[in-house]
Chemist: 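Encoded as structure tokens, here's the structure I'll be asking about.
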Amino acid sequence: MASSVSPTPLLKDQLDIVIPTIRNLDFLEMWRPFFQPYHLIIVQDGDPSKKINVPEGFDYELYNRNDINRILGPKASCISFKDSACRCFGYMVSKKKYIYTIDDDCFVAKDPSGKEINALQQHIKNLLSPSTPYFFNTLYDPYAEGADFVRGYPFSLREGAPTAVSHGLWLNIPDYDAPTQLVKPLERNTRYVDAVMTIPKGTLFPMCGMNLAFDRELIGPAMYFGLMGDGQPIGRYDDMWAGWCTKVICDHLGLGVKTGLPYIWHSKASNPFVNLKKEYKGIFWQEDLIPFFQSVSLPKDCTSVQKCYIELSKQVKEKLGKVDDYFNKLADAMVTWIEAWDELNPSAAKSDAALPNGPAK
Ligand SMILES: O=c1ccn([C@@H]2O[C@H](COP(=O)(O)OP(=O)(O)O[C@H]3OC[C@H](O)[C@H](O)[C@H]3O)[C@@H](O)[C@H]2O)c(=O)[nH]1
Ligand SMILES: [Mn+2]
């Protein structure tokens with residue numbers, strides 16, 4: 001029987017909110033009722049001499065590029081500059097079990113009843129309840145209030161798998177790629193779909209970093225947002241790369257990834273022409289990237305996220321290095337990221353994933 005209804009714990013001492021920003025943080029005023037109890041990690045991108053004002057009353061730490069260079073030294077080369085991908089530095093320096101990351105142009109949305117959505121609470125609910133990657137439940141989340149496993153659902157699979165990622169969605173400005181933005185400039189997402197689903201094992205998905213939460217202890221080292229922005233041939237594929245790496249590792253380690261509720265209100269449409277320039281190589285390359293990730297197989301002795309990620313970086317170099325030399329650089333940066341992660345998180349560096357490698361065969 002799926003869990004009965006109990007209040008969602010705040011987890012205020014177990015969760016950090018990571019915000020990449022080149023703007024001001026006035027958006028926090030709208031989130032204050034939901035975010036004030038939490039510690040914020042603000043990753044200031046762009047010009048480090050620019051002063052970012054954080055509204056009064058929030059507990060935060062702020063890192064700019066000088067801080068990243070000071071803390072990581074030469075390893076700072078793996079952290080993107082002038083791209084929201086810089087946010088992954090916040091994941092690395094956090095000491096908490098959970099991360100929630102949100103963009104500074106994302107606001108509190110309302111559900112169809114007009115009630116303000118506490119996105120963070122829904123993400124916590126998603127992360128604290130199991131996922132069902134091995135068999136699709138046609139009533140969606142069986143652990144949600146008023147739902148359960150449907151007839152025919154194997155009882156041997158009803159315990160589910162630990163949830164590593166909770167991927168939220170967006171009302172108003174949807175996360176479209178540049179070509180779609182260009183042909184549908186006025187399209188707004190007004191559809192509120194009241195569902196949380198587990199993305200089945202063996203299926204990839206386009207992970208958006210705008211409204212994303214994850215269990216840092218289960219999957220944190222896989223959440224590297226790649227080499228994007230300044231000096232790189234590609235942008236706006238930071239979260240996509242992290243999502244593909246994360247999903248194949250979650251599948252291997254027997255972890256779940258959920259998508260759906262909660263919604264946020266995404267307010268700013270970034271410039272489609274600028275986005276096209278950033279994305280165009282990604283749009284072309286991903287026709288090779290997706291078959292690569294679909295064919296990834298990780299050895300049984302990859303029993304920790306770090307080991308999986310290092311193995312993945314070897315396969316990236318071997319199989320994608322021939323697509324473009326960028327992937328050789330990215331593969332090296334993946335290793336640097338893990339080295340930096342383990343340097344900043346020494347205790348976690350030793351731990352293997354304490355999880356079976358999927359359901360009992
Ligand atoms: O150089 C930069 C540009 C932006 N940021 C911060 O990143 C957040 C997203 O920026 P923005 O809202 O302008 O871009 P979107 O196109 O809406 O972002 C989506 O697509 C790109 C990424 O995948 C992103 O995750 C998606 O949300 C915002 O907080 C900016 O302040 C930055 O740090 N550096
Ligand atoms: Mn935005």
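Scope of the values below: all heavy atoms of this structure, side chains included, with no hydrogens, waters or symmetry mates. Indexing begins at 1, ligand by ligand and atom by atom, following the structure's order. Computed from a predicted model, the values in this text were never measured in an experiment.
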Chemist: Hey, what do you get for CD (Q232) to NZ (K82), rounding to the nearest 0.5 Å?
Modeler: 13.0 Å
Chemist: For the side chain of Y38 and the backbone of D13, is there at least one donor-acceptor N/O pair under 3.5 Å apart?
Modeler: no
Chemist: Test your reading of the structure: does D104 have an N or O sitting under 3.5 Å from an N or O of ligand 1?
Modeler: yes
Chemist: Please work out which of the three classes, parallel, tilted or perpendicular, describes the rings of W170 and H167, given edges at 30° and 60°.
Modeler: perpendicular
Chemist: State whether a side-chain donor-acceptor pair under 3.5 Å links Y263 with N189.
Modeler: no
Chemist: Heavy-atom count check: over 12 atoms from other residues, nucleotides or ligands less than 6.0 Å from F284 CZ?
Modeler: no
Chemist: Crowded around Y63 OH? As in, over 12 foreign heavy atoms under 6.0 Å?
Modeler: yes
Chemist: What protein heavy atom sits nearest atom 1 (O) of ligand 1, and how far away is it?
Modeler: K82 C, 3.1 Å
Chemist: Run the side-chain hydrogen bond (donor to acceptor under 3.5 Å, both in side chains) test on N328 and D325 for me, step by step, so that the C-alpha distance in whole Å, both residues' side-chain angles and the decisive distance to 0.1 Å come before the verdict.
Modeler: CA-CA 5 Å; N328 289 315; D325 187 49; 2.8 Å; yes
Chemist: Quick check: does P20 get an N/O under 3.5 Å from an N/O on ligand 1?
Modeler: yes
Chemist: List the closest protein heavy-atom neighbour of atom 22 (C) of ligand 1: residue, atom name, distance to the nearest 0.1 Å.
Modeler: S84 OG, 3.4 Å
Chemist: How does S270 reach ligand 1, if at all, at less than 4.0 Å between non-hydrogen atoms: by side chain, backbone, both, or neither?
Modeler: side chain
Chemist: Can you tell me if T246 uses its side chain to pair, donor with acceptor, with the backbone of G243 under 3.5 Å?
Modeler: no
Chemist: Using a cut-off of strictly less than 2.8 Å, determine whether C106 has an N/O/S atom near the Mn ion (ligand 2).
Modeler: no
Chemist: Under 4.0 Å from ligand 1, counting heavy atoms only, is it the side chain of I22, its backbone, both or neither?
Modeler: both
Chemist: Looking at ligand 1, is there an atom of it that comes within less than 4.0 Å of some heavy atom belonging to R87?
Modeler: yes
Chemist: Report the relative orientation of the aromatic rings in F293 and W244; use parallel for angles under 30°, tilted for 30 to 60°, perpendicular for over 60°.
Modeler: tilted
Chemist: Out of all atoms in ligand 1, which are within 4.0 Å of some heavy atom of H266? Include the element for each.
Modeler: 17 (O)
Chemist: Could you tell me which N, O or S atom of D105 is nearest to the Mn ion (ligand 2)?
Modeler: OD2
Chemist: Restricting to N, O or S, what is the name of the atom of H266 that lies nearest the Mn ion (ligand 2)?
Modeler: NE2
Chemist: What part of D105, side chain from CB on, backbone N/CA/C/O, both or neither, has a heavy atom under 4.0 Å from ligand 1?
Modeler: side chain
Chemist: What do we get for D239 next to ligand 1 when only non-hydrogen atoms under 4.0 Å count, side chain, backbone, both or neither?
Modeler: side chain
Chemist: Starting from atom 34 (N) of ligand 1, which protein heavy atom do you reach first, and at what distance in Å?
Modeler: D45 OD2, 2.7 Å
Chemist: Under 4.0 Å from a heavy atom of M210: give me the atoms of ligand 1 that qualify, with their elements.
Modeler: 27 (O)
Chemist: Check the orientation of Y224 and W337. Use parallel for under 30°, tilted for 30 to 60°, and perpendicular for over 60°.
Modeler: parallel
